[in-house]
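Inspection log for the structure reproduced underneath, given as structure tokens.
Heads up: numbering here begins at 1 and tracks the sequence. Both ligands and their constituent atoms are indexed starting at 1 by order of listing.
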Amino acid sequence: MENCIFCKIIAGKLPCIKIYEDEQVLAFSDINPVSNGHTLVIPKNHAENLWKIAAEDLTAVHLCSKKIIQAMKDALNLSGVACVQLNGSSVNQTVMHYHLHLIPRAVDGPSLPLGPWKMQQGTLESIQDTADKIIAAL
Ligand code: 5GP
Ligand code: ZN
């Protein structure tokens, strides 16, 4: 896609620090790392988000993420990896090409600005009501 930064990276028109590449996916270092090792995994076929991505590309991205977080575990002294994926500008997606963030947390490193979530107690009735709406749409 013409004006997509990540498509330009895939095409080699913009540089990146490449971690892994195969026919379906590219993994590269995020230019604004939340923590050391912050990596993005993207499908080579342009798709904006989880609603749009083809099943085989989604599978390839997530199988790749498994390989990469294993390598992170082996190579970096980490205590965990957050896998984060945003859909829509209202939830802070800024690049409209599907991407999975792999964000390691170093042993003894600072907590990631991803959680803990602000939990609030729900009522069983409202949780059930919303679940019923989703289930009915499946
Ligand atoms: P989003 O908020 O859309 O989930 O995250 C987009 C991510 O892409 C951000 O973490 C941002 O730092 C990263 N990013 C944006 N432009 C570039 C770029 O040109 N190169 C690289 N390597 N990362 C980028
Ligand atoms: Zn794209």
Side-chain angles (χ1 to χ4, degrees):
M1 179 157 282
E2 220 170 276
N3 288 321
C4 172
I5 295 176
F6 287 177
C7 282
K8 287 182 183 166
I9 289 176
I10 290 164
K13 292 177 185 160
L14 287 175
C16 74
I17 296 177
K18 192 186 294 180
I19 303 280
Y20 174 84
E21 181 175 21
D22 64 26
E23 279 183 5
Q24 284 176 288
V25 304
L26 176 67
F28 56 101
S29 303
D30 195 295
I31 205 166
N32 305 301
V34 169
S35 65
N36 285 337
H38 183 171
T39 299
L40 302 172
V41 188
I42 65 174
K44 287 194 170 174
N45 291 324
H46 179 90
E48 196 172 318
N49 52 40
L50 187 55
W51 290 293
K52 301 276 180 65
I53 189 170
E56 55 272 25
D57 290 333
L58 184 64
T59 302
V61 165
H62 284 261
L63 289 177
C64 175
S65 76
K66 183 168 170 59
K67 200 179 296 188
I68 290 175
I69 71 162
Q70 183 60 56
M72 285 173 166
K73 194 170 181 223
D74 294 342
L76 309 175
N77 191 22
L78 60 80
S79 59
V81 180
C83 301
V84 180
Q85 192 272 315
L86 306 173
N87 298 284
S89 51
S90 72
V91 294
N92 298 333
Q93 183 181 5
T94 58
V95 177
M96 298 303 167
H97 180 130
Y98 185 97
H99 52 281
L100 180 63
H101 294 261
L102 307 178
I103 307 174
R105 180 177 180 187
V107 170
D108 300 328
S111 63
L112 301 176
L114 302 164
W117 308 112
K118 186 166 178 274
M119 306 284 242
Q120 43 193 355
Q121 187 151 19
T123 67
L124 206 51
E125 194 186 18
S126 111
I127 293 169
Q128 183 71 60
D129 185 53
T130 307
D132 286 345
K133 286 180 185 153
I134 299 167
I135 293 163
L138 282 174

Give the atom numbers and elements of ligand 1 that come within less than 4.0 Å of a heavy atom of [X].
X	answer
Ile9	20 (N)
Phe28	21 (C), 22 (N)
Asn32	11 (C), 12 (O)
Ile5	19 (O)

Atom of [X], atom of [Y] and distance for their closest heavy-atom approach:
X	Y	answer
Ile9	Pro15	CG1-O, 4.1 Å
Pro104	His38	CD-N, 3.8 Å
Tyr20	Cys64	CD2-SG, 3.6 Å

Quick check: does any side chain N or O of Arg105 sit under 3.5 Å from a backbone N or O of Leu78, one acting as donor and the other as acceptor? no
ND1 (His46) to the Zn ion (ligand 2) to SG (Cys4), nearest 10°, is 110°
Between Met72 and Ile68, is the side chain to side chain contact (heavy atoms under 4.5 Å, CB included) condition met? List the steps. CA-CA 6 Å; Met72 285 173 166; Ile68 290 175; 4.1 Å; yes
Applying side chain to side chain contact (heavy atoms under 4.5 Å, CB included) to Leu76 and Asn36, what does each step give before you reach the verdict? CA-CA 9 Å; Leu76 309 175; Asn36 285 337; 5.9 Å; no
To check your reading of the model: name the closest protein heavy atom to [atom], its residue, and the distance in Å.
atom	value
atom 17 (C) of ligand 1	Ile31 CG2, 3.8 Å
atom 11 (C) of ligand 1	Asp30 OD1, 3.4 Å
atom 8 (O) of ligand 1	Phe6 CZ, 3.5 Å
atom 2 (O) of ligand 1	Asn92 O, 2.8 Å
atom 1 (P) of ligand 1	His99 NE2, 3.1 Å
atom 3 (O) of ligand 1	Thr94 N, 2.6 Å
atom 15 (C) of ligand 1	Val95 CG2, 3.9 Å
atom 22 (N) of ligand 1	Ser29 O, 2.9 Å

Quick one, Met96 with Ser89, criterion side chain to side chain contact (heavy atoms under 4.5 Å, CB included). Give me CA distance, side-chain angles, the key distance, then yes/no. CA-CA 9 Å; Met96 298 303 167; Ser89 51; 4.0 Å; yes
With a 4.5 Å limit on heavy-atom distance, are the side chains of His97 and Pro43 in contact? yes
Suppose we only allow N, O or S atoms; which atom of His97 ends up nearest to the Zn ion (ligand 2)? ND1
Heavy-atom distances under 4.0 Å are what count here, so tell me which part of Val34 touches ligand 1: side chain, backbone, both or neither. neither
Is the contact between Ile17 and ligand 1 made by the side chain, the backbone, both, or neither, using heavy atoms and a 4.0 Å cut-off? neither
Just to verify, which of Leu86, Asn45, Leu58 counts as forming a side-chain contact (heavy atoms from CB on, under 4.5 Å) with Tyr98? Leu58
Kindly say whether the aromatic ring centers of His99 and His101 come within a distance under 6.0 Å. yes
Polar contacts were defined as any N/O atom of the residue lying under 3.5 Å from an N/O atom of the ligand; does this apply to His101 and ligand 1? yes
Please report the interatomic distance CG(Asn87) to CG(Leu50), rounded to the nearest 0.5 Å. 5.0 Å
